[in-house]
Amino acid sequence: MWFGLRAAAIGATSAVTLLVSAGGASAQGQITVYCSVQEEWCRPMVDAFEKETGIKVAMTRKSSGETYAQIKAEAANPKGDIWWGGTGDPHMQAAEEGLSEEYKSPAMAQLHDWAVRQWTQSKGRTVGIYSGALGFAYNTKQLAQKGLAAPKCWADLLSPKLKDEVQVADPNSSGTAYTLLATIVQIMGEDKGFDYLKALHKNINQYTKSGAAPAKATSLGETTVGITFMHDQVTMIVDGAPMKAVAPCEGTGYEIGSMSIIKGTKNLEGAKKWYDFALSAKAQAIGGQAKSFQVPSNKSTPIPPESPNLAEIKLIDFDFAKYGSSAERKRLLAKWDAEVKNLPK
Amino acid sequence: MKRSLATAVAGGWLAAGWVAFALLPWYWLDLSRGLQDFVDFPLGVGGSALALGVAGDRPWLLLLAFPLLLATLALVLPLARGPGGALLTLGGVLGGLYLLAQGFAIGLKGWDWGWLGAAFGGTPRQEGLGPGGTLLLLAFLLLTCQGLARRGWCRGDAFVVSAIGTVVALIALFVFFPVARVLAHAVIDPSGAFALAGFVARISDHSIWGLDCLAGPLRCGVAWNTLLLASLVGVGSTLLGLAFALVATRSNSRFKGVLRILSVLPIITPPFVIGLALILIFGRSGIASTLLAEWLDVPRSRWIYGLPGILLAQLLAFTPIAFMILIGVVQGISPALEEAATTLRAGRWTTFRTITFPLLRPGLANAFLVGFVESMADFGNPLVLGGNYDVLSTKIFFAVVGAAVDESRAAVLAIVLLSFTLLAFFVQQAWLGKKVYTTVAGKGDGGLPAPLPRRVALLAAAVVAPWSVFMISVYGIIMVGGFVKSLGRDYTPTLVHLSTAFRIDWGNHGLRFAGSAWDSFFATIQVAAVAAPLTAALGLLTGYLLTRQSFAGKRAFEFGTLLSFAIPGTVIGVSYIVAFNVPPFELTGTGLILVLCFVFRNMPVGVRAGVATLSQIDRSLDEASLTLGASSATTVRRVVMPLLRPALIAALVYSFVRAMTSVSAVIFLVSAKYNMATTYIVGRVEAGEFGLAIAYSATLIVVMLLAIVGIQLAVGERKLGRRAAPQPTGRTL
């Protein structure tokens with residue numbers, strides 16, 4: 001037991017140091033931010049806010065699905081103050097379940113319509129901070145090797161020559177892929193839309209777990225075509241990948257990256273300050289500098305030149321209220337599981 | 001002599017209980033605010049239970065004095081052994097139960113149990129237990145154990161009763177309590193009502209149990225997928241581990257040292273990295289695929305995505321665990337038996353088949369069980385390489401965080417996963433049977449280990465050599481990957497990834513750790529270094545209790561220690577938030593919750609290693625020590641522990657590296673202050689920045705290698721009083 005006892009004693013002593021430094025975020029002049037965009041964007045944003053307001057920030061970066069699960073689990077005794085970034089669906093869901101706080105920022109007037117619509121539909125509980133269109137990208141080398149014409153429309157992806165060459169995430173695990181499902185249903189109608197998805201299934205080589213994974217796979221040539229949000233493709237292209245991003249000719253859906261104040265926050269004033277700051281043009285300009293090419297929600301934020309130009313993309317009138325509700329989502333996903341996913345190829 | 005020692009120990013715990021009640025701060029303190037909580041001491045935020053009960057607004061705390069008085073009476077009054085023990089037990093049990101009950105009944109926002117509120121009225125509030133509360137709870141537990149020992153439990157051995165009591169209480173609090181809270185979702189519908197019909201419908205779902213793949217090109221249920229994968233990994237990793245262990249201990253191979261390092265590498269590799277490396281080698285545009293396509297015209301394919309890929313990655317990752325369990329067992333087999341067989345004219349093969357192999361059974365069974373369970377709980381490899389092959393662990397993760405959040409479904413899938421573990425556990429027990437595997441006895445020199453039979457040696461070499469080459473190439477890719485511009489596309493050498501992560505600036509205020517990875521790096525090392533010794537101590541203590549003591553409910557106890565291992569990390573992570581975010585045990589946001597999570601998640605490896613090693617060591621060694629008048633505690637310290645060195649190394653190394661490499665459990669538990677390296681790496685992988693992820697991983701690999709060497713040196717080798725084999729005569733493997 002000698003080693004054990006000695007080891008346990010060392011362990012216990014150092015465990016005390018872990019307790020000592022475990023600070024509560026509730027102290028005056030400090031807020032805890034759950035950040036669901038890329039780390040490179042989270043950090044400069046936190047630095048800028050601390051400089052601007054003098055409020056200290058404790059920041060945790062997690063994907064939006066993980067953050068939603070955490071906020072839900074912590075609901076009895078919330079540990080975070082504000083949830084910034086990440087795709088809009090889980091924010092909507094949190095609003096639906098009363099996990100977030102209503103707030104009307106003075107900056108609302110400076111925002112694009114789509115950002116305000118997110119706010120109205122959630123009854124003031126969440127607001128749009130950026131947006132990104134869905135699209136597909138192809139690997140130029142792979143395409144040339146196969147001697148294929150460049151695909152321009154959703155319909156082109158059904159070409160038999162692309163058999164086993166298209167990759168997209170599984171909508172059960174990824175909000176990106178669910179956006180595709182909802183987009184196709186809205187463009188083509190539910191019956192035709194599911195016919196399209198069944199036909200597309202023959203060309204899908206893999207339903208990945210993570211939404212952005214097909215962009216990376218396309219850049220490496222593991223697949224010829226990958227369906228993701230376009231800004232994820234742009235990040236790879238800026239990095240030098242032999243890829244081209246395409247905005248489909250039939251029109252496409254989009255996501256609204258959102259922000260919510262967590263219900264039961266212990267520092268409401270601090271959270272509101274972050275909220276107002278995050279909607280300002282100055283704060284939103286940080287995104288482009290951090291290689292995140294979403295389109296910012298403040299009208300006067302300069303749009304990064306690399307960003308997919310939303311004005312040139314045919315965006316559909318995406319019904320977030322209907323397709324973001326948990327009932328409709330459950331129904332569509334169950335239908336997709338039953339009719340598409342298990343089809344033989 | 002023994003009796004007075006026991007009284008002294010009981011008296012010590014009683015005194016600790018009174019101090020905890022009367023003097024220590026009762027509630028959870030936020031020490032980051034400095035000492036301002038103590039200005040009103042003994043009242044105020046940092047007040048003691050006694051003071052707050054008498055003068056404050058928390059009179060219910062005063063009732064805790066009653067069981068303490070009972071225990072005091074039991075120790076002070078000149079009672080006979082029996083009744084004194086009964087009174088002590090009563091005090092301990094009453095005190096512990098009341099302490100927990102008041103903690104759960106009265107929470108942050110008033111009554112948590114509505115019916116009590118209706119009976120008593122008012123809205124009392126209280127925070128989580130702090131130093132005083134925790135120490136008193138512990139004191140009540142140990143006083144109960146002392147009382148039970150006096151009543152004759154475990155032959156009146158207070159050390160053994162206390163050890164069992166502590167382990168049971170810890171497992172109940174940190175495994176059963178949180179997991180039960182989450183699994184309850186399986187039978188509770190979203191509105192909070194009990195719904196058995198829904199449970200039956202969900203658990204018999206076609207997507208779990210479907211057998212369509214047998215009939216045609218359709219997919220089978222996720223349960224069958226998982227079972228198939230886990231069985232293949234369990235058998236495969238055990239056989240590979242055995243081959244490595246035999247070559248490393250029983251051959252004259254020159255490459256033994258290399259083998260040992262190679263076998264340790266995968267276990268210290270952060271998740272995702274092996275998967276990424278496999279894609280870069282065998283993916284459609286991978287290096288091996290490109291060579292094959294250009295030289296031999298083998299068409300490129302995506303075979304790596306799916307069962308073959310996950311199997312390969314998991315074998316790479318889990319073979320070392322099997323190796324570490326088996327090497328202790330192979331070393332421990334007494335050569336005397338083998339020598340006897342050889343003397344009786346058995347050939348090498350007969351000796352191996354009838355002596356060596358049967359003695360390996362506890363090791364094989366434990367290695368299989370660990371491989372099987374690890375495979376089912378693994379999350380990173382199926383995520384990267386799974387393709388369209390679904391397994392339970394990823395299904396559960398996305399049932400919690402995916403686009404369709406469904407806790408009931410997650411709970412149901414977790415129950416399926418758990419029942420598989422239960423099944424594996426019983427199969428393992430049945431296979432081992434009631435045979436005896438003791439080979440380390442106190443009878444001195446045991447002769448020379450028999451050389452391996454030629455065919456076994458050849459087979460082992462034939463397995464080990466190509467597998468080693470394969471592993472070297474995987475690690476070559478990993479080491480190169482962090483230092484080229486873009487892996488798989490642009491192989492220009494660069495240090496940019498490393499400097500983004502680990503830059504150090506020399507600024508106005510001296511040294512500044514400017515790289516983006518430093519925070520998570522330091523936090524990870526700290527948490528891992530604290531968790532490892534605690535895990536090892538708890539695991540080996542449990543292993544000792546399981547092999548050396550007999551008590552009622554031992555099987556259930558053994559299964560309980562395995563449980564946390566079998567539960568997927570995601571379920572553990574969510575269950576820890578749900579259970580430990582509110583009083584009486586409020587731990588979220590601290591580094592402690594990470595430590596606890598790792599200790600109870602990794603403890604089973606310590607237990608398994610301890611059980612496998614201890615079942616080889618003759619009980620007569622312990623008995624000799626006990627007969628000579630040593631207590632159980634002394635016997636453990638002086639006799640058992642030194643013989644357990646291989647198991648101790650296995651447990652320490654494993655828990656240290658697992659604390660540095662696990663993902664799915666900690667992803668929910670990390671906080672701004674305690675971010676872990678792996679969650680940082682996952683973020684980089686999500687963003688497609690493989691270079692940075694791999695550079696960080698390579699750094700972690702180097703750190704863990706150093707730690708392992710350090711642990712080996714600190715613990716030392718076990719000396720078994722066996723003759724050294726003659727020097728190798730030049731024949732090498």
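First the proteins, then the strands, lettered A, B, ... as listed; each starts at 1. Being a predicted model, the structure only gives us computed values, none of them experimental.
Contacts of A:Ala177 with chain B are absent, with no heavy-atom separation under 4.5 Å from either backbone or side chain. Looking at A:Gln142, only its side chain comes within 4.5 Å of chain B, counting heavy atoms on both sides. Using a 4.5 Å cut-off between heavy atoms, B:Tyr680 touches chain A through its side chain atoms alone. When heavy atoms are compared at a cutoff of 4.5 Å, A:Ser174 approaches chain B solely by way of its backbone atoms N, CA, C and O. Heavy atoms of A:Asp232 lying under 4.5 Å from chain B are absent altogether. Looking at A:Lys72, only its side chain comes within 4.5 Å of chain B, counting heavy atoms on both sides. Interface remark: B:Lys395 contributes side-chain atoms only to the contact with chain A (heavy atom separation under 4.5 Å). Both the backbone and the side chain of A:Ser219 come within contact range of chain B, judged by heavy atoms closer than 4.5 Å. Heavy atoms of B:Leu383 lying under 4.5 Å from chain A belong to its backbone as well as its side chain.
Looking at B:Thr634 and B:Ser631, their side chains do bring a donor and an acceptor atom within 3.5 Å of each other.
The residue among B:Asn675, B:Val670, B:Thr394 with the most heavy atom pairs within less than 4.5 Å of chain A is B:Val670. Ranked by heavy-atom pairs under 4.5 Å with chain B, the list A:Asp337, A:Thr176, A:Thr223 is led by A:Thr223. Ranked by non-hydrogen atom pairs under 4.5 Å with chain B, the options A:Ser326, A:Gly240, A:Pro90 are led by A:Gly240. Interface remark: of the candidates B:Leu594, B:Thr679, B:Asp390, B:Ile577, B:Ile577 forms the most heavy-atom pairs closer than 4.5 Å to chain A.
Minimum interatomic distance between B:Ile593 and B:Leu587 (heavy atoms only, all atoms of both residues): CB-O, 3.6 Å. Taking each heavy atom of A:Glu222 and B:Gly286 in turn, the nearest pair found is OE2-N, 4.0 Å.
Note: B:Tyr576 and B:Phe580 have perpendicular aromatic rings, judged against thresholds of 30 and 60 degrees for the angle between ring planes. Using cut-offs of 30° and 60° on the angle between ring planes, the pair A:Trp83 and A:His91 is parallel.
Of the charged side-chain nitrogens involved, none lies within less than 4.0 Å of a carboxylate oxygen, so that A:Lys263 and A:Glu97 do not count as a salt-bridged pair.
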CA sep, side-chain torsions, deciding dist, call: A:Gln233, A:Thr228, side-chain hydrogen bond (donor to acceptor under 3.5 Å, both in side chains): CA-CA 7 Å; A:Gln233 301 159 3; A:Thr228 64; 3.0 Å; yes
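For the pair A:Tyr178/A:Leu333, a side-chain contact is recorded, criterion being any heavy-atom separation below 4.5 Å from C-beta on.
Applying the ring pair (Phe, Tyr, Trp, His ring centres under 6.0 Å) test to residues at least two apart or on different chains, the pairs with a partner in residues 203-224 of chain A are A:His201-A:Tyr207, A:Tyr207-A:Trp336.
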